[in-house]
Protein chains: 2
Amino acid sequence: MKTVRKALSLLDLFSKSNPEFGLTALAQKAGLDKATTLRMLQAMKMHGFIEQDAKSRQYRLGAGLLRLARLREATVPVVDIIQPVLRRLAEKTGETAHAALLAGEALAAVAVANSSRSSRVNVEPGLQLPLHATASGIAFLAFAPPKVLDEALGRKFQRFTDMTATDPAEVRKLVEAAHINGVGTVDRGFEPDVVDIAAPLFDGLGHAQGALTVVTPISRMSLNVRHEHSALLIQAALDCARRMGTNPPVHFWSLNSEAFG
Amino acid sequence: MKTVRKALSLLDLFSKSNPEFGLTALAQKAGLDKATTLRMLQAMKMHGFIEQDAKSRQYRLGAGLLRLARLREATVPVVDIIQPVLRRLAEKTGETAHAALLAGEALAAVAVANSSRSSRVNVEPGLQLPLHATASGIAFLAFAPPKVLDEALGRKFQRFTDMTATDPAEVRKLVEAAHINGVGTVDRGFEPDVVDIAAPLFDGLGHAQGALTVVTPISRMSLNVRHEHSALLIQAALDCARRMGTNPPVHFWSLNSEAFG
DNA sequence: AAACTATGGTGATTATAATGAACCAAGAGC
DNA sequence: GCTCTTGGTTCATTATAATCACCATAGTTT
C-alpha cells in the first residue's frame, strides 16, 4: 500500500518546530508532487487527521487524532499507568524521565516527567527517538523480537552527534550489553552533553514495546549515578509491567535483586 | 485518494466496545476484501497507527496515535484554550463548569473549574460521562455526525437515577431539542439532585468533539438560572471555537444574538 | 498601477498501484 | 485425525493515483 504509506508519512513531517505547512512546502519536504500531496491532504482532512486554517490555508494536524488517541488510551491505558511511575522516577533521580513507545520505525515519547532542577534536560512530548542513537532505542531493541532487531540493524543510521553509533556492529554491541544489564546506555549519541539510561517496557509476550528513560546532563553523570539510575529504572520497569499485567522475560526479574550493588 | 480514505476509515471502526478485531472480522465490517484490508493494516502498522497483538494476531489502534495527538496538542493546545473560558464560566454562573471530549463511547472530562461556593457539585477530571445520561452527552450528540448518533442510540442505556432517560426515543427527543436550542439539558439523569446544561465544542469539520458543561445543584436551579446558564454556555462555546479556529455550524452562531432574552 | 512572482488549486493523460478469487498453512474444536 | 476457521499470500486483471502543464489569486516590486 504505497499510497497509504506516503499519505501517512506526510503526517510524520509535522513537528513541534514545524507545526504548519503550506501545500507547496509540504509537497517539497515530502518529495511528492503538489497535486498528489493536495489530494492526500484532502483525504486526511475528511477524516480529521489534518485540518486547514481557513484564512492562511496552512495545513496542520487535525482534531480527529485526539479522538483516536483517547480511544486507544481508553482500551490500553498505558500512559495513565506509566505517569506516576515516571514522576517517582524523576523525583528519586532528580532528572527528567520519559516513557516512549514504538511508533513505526522509531520510539515516540508519550509521557514526560521533568526534573525539578533548574538545569535539566527537556524532552518534548511527541519527540521521535531513533532506535540506534538513544538509550530508549537500545533498551527497546535489546528485548525486542529478533526480527525487529535485524530489521532495525538493516536500516541506515543517521548521525546526530560525533558520538552517535552509526556502525551496525557498534549498535549491536550496545544492544547486547543492554540485554545483559537490563538497561541501555547511550552517551551523548543523540544530543550533545546528555547521557541516557533506559529500561524496556514489555508487552504481553515479554517483548519490548517501548522504554522508560532517565536523561542526565553529562555534568552530573558519574559511575555512581549511573548505577543508581540503572537500579531505579529496572525497578520502575518491573513496576510498570506489574501494573499493566505484562510479562518481562524471566531473566529480567533477577536483575532487580542483584541490582548494581 | 480512494485508497487513503478506505484505509483511514478502517480506524473509525474501532470503538470502546470493539477495541480489537481479527483480520477477517475487520474486513467484513469494512466491506473490503481480506487481502486489501491486510495490506492497509500493514501500512498503518508501519506508521504506528495500528498495532497487532503478537499472540492473538488481533489488530488494535497503535501507539503512534498518541504521539501525533501530543504533537497536535502542542500546536493547538485545546485544553489550555478551554481552561480560562471554563474559569470565567464558573465565575459568572457561580457553579462548577467542566469540559469533556469524546473518548471511546463516552465523553471524558478533561478540564474542570470548580464553583467557589461551599455547596457545589464536584467533578473529578477524567470522569466518564455517558452520552445518554448527561447534558454533555446530549449536546455532543446533537451536533455529532448522524452516524455517531445512530450508533449511540443503538446501544443499551444504563440507568443511573430514576430520572435517567433509557428509552432511545426519549434520548432522541432530548438530542433534537438540544440541536434546536444549541444547549443540552439533563435533569437529574446522572446524579441525583444535579441539573446539567451543556453546549457543544466543535472540531474543524463542524462536528461536535466534546462539550462545555455547567452543573448546578437542583436547589439552586430555576427557569431564570437555566436561561442564563444557557446563554453563557453558548457564548463560551463560540468563544472556544473562535480561539481554536474551529467552525461551528452556521445555525449555531445565530443562537448567540437571540440568546434567551 | 502594472508587471512579476509565488501560492493554492485543477484536469486529462499515462504509468502505476490496488484489487480479489483462488490458494496455503496453522491452530482450535470436535 | 479430520474439519472448520483464521491469518496470510499470489498473480493476472483492472481501477487508480501520479504527473505536468495550466489557471486564479494575492502579495510584492518596480
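Below, chain A is the first sequence line, B the second, and so on; all start at residue 1. Every heavy atom of this structure was used, including side-chain atoms; hydrogens, water molecules and symmetry mates were not.
Taking the nucleotide of DNA chain C with the nearest heavy atom to each of A/Thr3 and A/Leu38, the more 5' of the two is matched to A/Leu38. Comparing A/Lys2 and A/Leu23, the nucleotide of DNA chain C nearest to each residue sits closer to the 5' end for A/Leu23.
The CD atom of A/Gln42 sits 13 Å away from the P atom of D/dA18 (whole-angstrom rounding). When rounded to the nearest whole Å, the span between CG of B/Asp33 and C1' of D/dG7 equals 13 Å. Atom CZ in B/Phe21 sits roughly 18 Å away from atom C1' in D/dT5 (whole-Å rounding). Rounded to an integer number of Å, the gap from B/Leu41 CG to D/dT6 P is 16 Å. Spacing between atom CD of A/Glu20 and atom P of C/dG8 amounts to 12 Å, rounded to whole angstrom units. Put simply, NZ on A/Lys45 is 11 Å from C1' on C/dG8, counting in whole angstrom units. For the pair B/Leu32 CG and D/dT16 P, the computed distance is 12 Å after rounding to whole Å. The interatomic distance linking B/Lys6 (NZ) with C/dT19 (C1') rounds to 8 Å, in whole Å.
In terms of phosphate contacts, A/Gln28 brings no side-chain nitrogen or oxygen within less than 4.0 Å of OP1 or OP2 of C/dA6. Residue B/Arg39 places none of its side-chain N or O atoms closer than 4.0 Å to OP1 or OP2 of C/dA18. Contact check, B/Thr36 against C/dA18: no side-chain N or O comes under 4.0 Å of OP1 or OP2. Between B/Tyr59 and D/dT6 there is no side-chain polar atom (N or O) within less than 4.0 angstrom of OP1 or OP2. Contact annotation: B/Lys34 side-chain N/O to C/dT19 OP1/OP2 distance is not under 4.0 Å.
Annotation: A/Glu170, atom CD; neighbour count of heavy atoms from other residues, nucleotides and ligands within 6.0 Å is above 12. Residue A/Glu176 qualifies as enclosed at atom CD: its count of foreign heavy atoms under 6.0 Å is above 12.
No side-chain donor-acceptor contact under 3.5 Å links B/Gln128 to the backbone of B/Ala108. Under the 3.5 Å distance criterion, the side-chain polar atoms of B/Gln83 are left unmatched by any main-chain donor or acceptor of B/Ala111.
A donor-acceptor contact closer than 3.5 angstrom is absent between the side chains of A/Glu20 and B/Thr75.
At a threshold of 4.0 angstrom between heavy atoms, the contacts of B/Gln58 with the nucleic acid are absent.
Looking at B/Arg5, its side chain has no donor and acceptor atom pair within 3.5 Å of the base of D/dT16.
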